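One structure is given here, and the rest of the page talks about it.
Reminder, nothing fancy here: chain letters follow the sequence lines and each chain counts from 1. If you're wondering where the values come from, they're calculated on a predicted model, not measured in any experiment.
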There are 2 protein chains.
Amino acid sequence: MMAKKPAELAKAIRTPLTVDDGIDFAMIELFFFAYRDFTSDPDQLLATYGFGRAHHRVVHFVNRIPGLTVAELLDVLKITKQSLARVLKQLIDTGYIIQIQGLRDRRQRELYPTAKGRDLALALAAPQSRRIANALTRLDAQDRGTIEAFLKSMVDPDLRTQIEQLPGGAGNVQDKAIAEPEATR
Amino acid sequence: MMAKKPAELAKAIRTPLTVDDGIDFAMIELFFFAYRDFTSDPDQLLATYGFGRAHHRVVHFVNRIPGLTVAELLDVLKITKQSLARVLKQLIDTGYIIQIQGLRDRRQRELYPTAKGRDLALALAAPQSRRIANALTRLDAQDRGTIEAFLKSMVDPDLRTQIEQLPGGAGNVQDKAIAEPEATR
DNA sequence: CAATTTATGTCAACAAGGCTGACATAAATT
DNA sequence: AATTTATGTCAGCCTTGTTGACATAAATTG
């Protein structure tokens with residue numbers, strides 16, 4: 001490969017990219033920073049357990065869908081079984097999750113949280129829920145529906161079914177935006 | 001350390017965690033899935049260049065704030081200089097970014113995109129902007145303000161100043177939510 | 001029943017992108 | 001002249017993703 005001499009040929013562009021370039025930078029950056037801080041609270045907590053984000057996701061979904069199989073979990077997380085194996089093994093060995101052989105199909109391993117695993121899931125979710133609640137305080141119930149609708153349509157259409165199956169979750173949001181006020185249920 | 005026998009002692013919890021546990025799981029999961037898909041488009045594109053998310057962030061902010069120094073970039077990204085060095089070197093060597101010695105302070109290296117770097121930043125931002133625009137189509141101009149206000153208050157207060165300094169961006173959102181319709185400017 | 005497929009587990013190697021610690025250089029500051 | 005600052009670089013480590021290969025037990029199929 002021929003080495004180029006980019007520094008001598010390429011010229012520096014000194015003007016910033018802005019909204020004028022037809023890109024919604026405000027939203028892109030807000031989403032980036034918001035998500036970064038959204039994950040920062042659980043990240044800190046996880047570090048004290050010696051766990052990482054991967055453990056968080058596993059603990060979360062096992063608590064949300066107790067009894068799901070390894071294959072189902074892989075499908076939700078979209079990672080390989082080898083990736084899952086490492087963190088899942090740790091969580092099982094340290095007593096946060098237990099496996100129970102499936103009844104209908106004894107090849108399957110159903111995943112359940114222990115009391116310890118339930119506590120961890122709650123502890124991880126609490127600061128995130130608090131952050132969201134805080135961000136919603138200035139908004140009314142209808143705004144909440146707007147935000148849910150927005151976030152939901154940011155998700156790839158073919159993956160939305162996953163969300164809809166989660167218990168008591170966002171699947172209940174009307175596709176048409178502006179659902180009935182959730183707060184009054 | 002004594003090894004416990006968790007499988008024999010710990011009992012499986014069979015009930016799912018739900019909203020009833022006082023946690024806003026709907027929002028937590030929507031945010032998770034939305035962000036995951038939000039990053040999937042650029043991720044795919046980056047792979048064709050042999051780049052990763054780290055490169056994306058660098059290219060993005062150098063294009064948004066041309067001439068920022070290495071130290072400033074580190075502050076925005078919140079990573080170590082050793083982490084940055086790897087990806088930055090690659091981007092410089094392949095001609096996406098160039099460094100120019102600072103004028104006032106010649107120790108500093110000001111970072112600028114090349115034309116190639118500008119094109120890449122635009123190509124990466126385009127699908128994200130499209131996804132956002134699509135998610136906003138069903139919503140009105142006032143809803144946009146609601147979402148911006150929500151995302152902004154998800155960010156740690158002390159880090160919000162960073163956002164406010166970005167050109168033509170979300171810093172312009174009124175803190176009180178419901179800004180004047182952006183679309184009519 | 002035998003053969004095949006399926007669900008899961010496991011070993012090994014690799015890559016990206018974080019991290020820490022240590023040290024080097026040049027330029028600014030004191 | 002001495003110190004601090006901005007940057008670069010080397011080396012090694014960790015987490016979490018990847019691929020490929022192979023093993024086992026249970027279900028399914030011909």
Side-chain angles (χ1 to χ4, degrees), chain A residues 7 32 36 39-40 42-62 67-94 97-112, chain B residues 7 32 36 39-40 42-62 67-94 97-112:
Chain A
F32 170 73
R36 185 224 251 165
T39 55
S40 68
D43 279 355
Q44 270 195 274
L45 189 58
L46 285 159
T48 72
Y49 289 80
F51 290 153
R53 262 187 220 186
H55 302 86
H56 184 178
R57 294 197 278 265
V58 171
V59 167
H60 177 90
F61 285 109
V62 168
L68 92 172
T69 65
V70 170
E72 286 165 350
L73 182 54
L74 287 175
D75 194 50
V76 172
L77 298 179
K78 303 283 181 216
I79 58 174
T80 59
K81 65 174 175 176
Q82 295 92 328
S83 283
L84 175 61
R86 258 185 314 230
V87 298
L88 183 55
K89 195 172 190 314
Q90 287 177 283
L91 289 168
I92 290 169
D93 290 349
T94 50
I97 289 177
I98 56 180
Q99 286 180 316
I100 296 181
Q101 198 172 42
L103 288 180
R104 353 154 256 201
D105 186 335
R106 291 185 311 176
R107 289 171 305 178
Q108 295 182 332
R109 301 299 142 94
E110 296 174 355
L111 303 173
Y112 294 92
Chain B
F32 170 73
R36 184 223 252 168
T39 54
S40 68
D43 279 355
Q44 270 196 276
L45 189 57
L46 285 158
T48 73
Y49 289 79
F51 290 153
R53 262 185 220 186
H55 302 85
H56 185 179
R57 296 196 278 265
V58 172
V59 166
H60 177 90
F61 285 109
V62 169
L68 91 171
T69 65
V70 171
E72 287 165 349
L73 182 54
L74 288 175
D75 194 49
V76 172
L77 298 180
K78 303 283 180 214
I79 58 174
T80 61
K81 65 174 174 177
Q82 296 92 328
S83 285
L84 174 61
R86 260 186 312 228
V87 299
L88 184 55
K89 195 173 190 313
Q90 287 177 282
L91 288 167
I92 290 169
D93 290 349
T94 49
I97 288 177
I98 57 183
Q99 284 180 316
I100 296 181
Q101 198 171 44
L103 290 178
R104 353 153 256 202
D105 187 334
R106 292 185 311 175
R107 287 172 305 180
Q108 295 182 331
R109 302 299 143 92
E110 295 173 356
L111 303 173
Y112 295 92

| query | For the residue pair F51(B) and Y49(B), does the interplanar ring angle fall in the parallel (under 30°), tilted (30 to 60°) or perpendicular (over 60°) class? | reply |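 Taking Y49(B) first and then F51(B), their aromatic rings lie parallel (interplane angle under 30°).
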Exercise. Across the strands shown, which category fits Q99(B) at heavy-atom distances under 4.0 angstrom: base, sugar-phosphate, nothing?
Worked result: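 It contacts sugar-phosphate atoms only.
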Taking any heavy-atom pair under 4.0 Å as a contact, classify H55(A): base, sugar-phosphate, or nothing.
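Sugar-phosphate only.
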Partner nucleotide of [N] by Watson-Crick or wobble geometry (both distances under 3.5 Å):
| N | value |
| --- | --- |
| dG9(C) | dC22(D) |
| dT29(D) | dA2(C) |
| dT30(C) | dA1(D) |

Look at atom CD of Q101(A) and say whether more than 12 heavy atoms of other residues, nucleotides or ligands are closer to it than 6.0 Å.
->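 It does: Q101(A) CD has more than 12 such atoms within range.
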Notebook entry, point to check: So which of L73(A), V70(A), I98(A) actually passes side chain to side chain contact (heavy atoms under 4.5 Å, CB included) with R109(A)?
Noted result: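 In the set L73(A), V70(A), I98(A), the residue that makes a side chain to side chain contact (heavy atoms under 4.5 Å, CB included) with R109(A) is V70(A).
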What integer distance in Å separates [X]:[atom1] from [N]:[atom2]?
| X | N | atom1 | atom2 | value |
| --- | --- | --- | --- | --- |
| D75(B) | dT7(D) | CG | P | 12 Å |
| R104(A) | dT6(C) | CZ | P | 17 Å |
| D93(A) | dG9(C) | CG | P | 12 Å |
| D43(B) | dG17(D) | CG | P | 13 Å |
| Q90(B) | dA15(C) | CD | P | 13 Å |
| L84(B) | dT9(D) | CG | C1' | 13 Å |
| L46(B) | dG17(D) | CG | P | 18 Å |
| I100(A) | dT8(C) | CD1 | P | 14 Å |

Are L88(A) and Q99(A) packed together at the side-chain level, in the sense that at least one heavy-atom pair is separated by less than 4.5 angstrom?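 In contact.
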Q) Are Q90(A) and D93(A) side-chain neighbours, meaning at least one heavy-atom pair lies under 4.5 Å? A)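 With C-beta onward as the side chain, the pair stays apart.
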Quick check: any donor-acceptor pair below 3.5 Å linking the side-chain of [X] to the base of [N]?
| X | N | result |
| --- | --- | --- |
| K89(A) | dG9(C) | no |
| R86(B) | dG8(D) | no |
| R107(B) | dT7(D) | no |
| Q82(B) | dG8(D) | no |
| R109(B) | dT7(D) | no |

**Prompt:** Distance check: side-chain N/O of S83(A) vs OP1/OP2 of dT18(D), anything under 4.0 Å?
**Reply:**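 True: S83(A) side-chain N/O within range (under 4.0 Å) of dT18(D) OP1/OP2.
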- prompt: Does a side-chain N or O from T80(A) land closer than 4.0 Å to OP1 or OP2 of dG17(D), or not?
  reply: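 So the side chain of T80(A) is outside the cut-off, no N or O lying under 4.0 Å from OP1 or OP2 of dG17(D).
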Q | Residue closer to the 5' end of DNA chain D, K81(B) versus R57(A) (nearest nucleotide) | A |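 Checking each residue's closest nucleotide, the 5'-ward one belongs to K81(B).
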Q) Starting at the 5' end of DNA chain D and moving along, which residue's nearest nucleotide shows up first, K78(A) or D105(A)? A)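 It is K78(A), whose closest nucleotide lies nearer the 5' terminus.
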inquiry  = Which heavy atom of L68(B) sits nearest to which heavy atom of F61(B), and what is that distance?
reply    =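 Scanning both residues completely, I find the closest heavy atoms to be CD2-O, 4.4 Å.
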Of the options dA27(C), dT8(C), dT7(D), whose atoms approach the side-chain atoms of Q101(B) most closely?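 When the side chain of Q101(B) is considered, dA27(C) is the closest of dA27(C), dT8(C), dT7(D).
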Checklist entry - So which nucleotide from dC19(C), dA27(D), dG8(D) ends up closest to the side chain of R106(A)? => result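 Shortest atom-to-atom distance from the side chain points to dA27(D).
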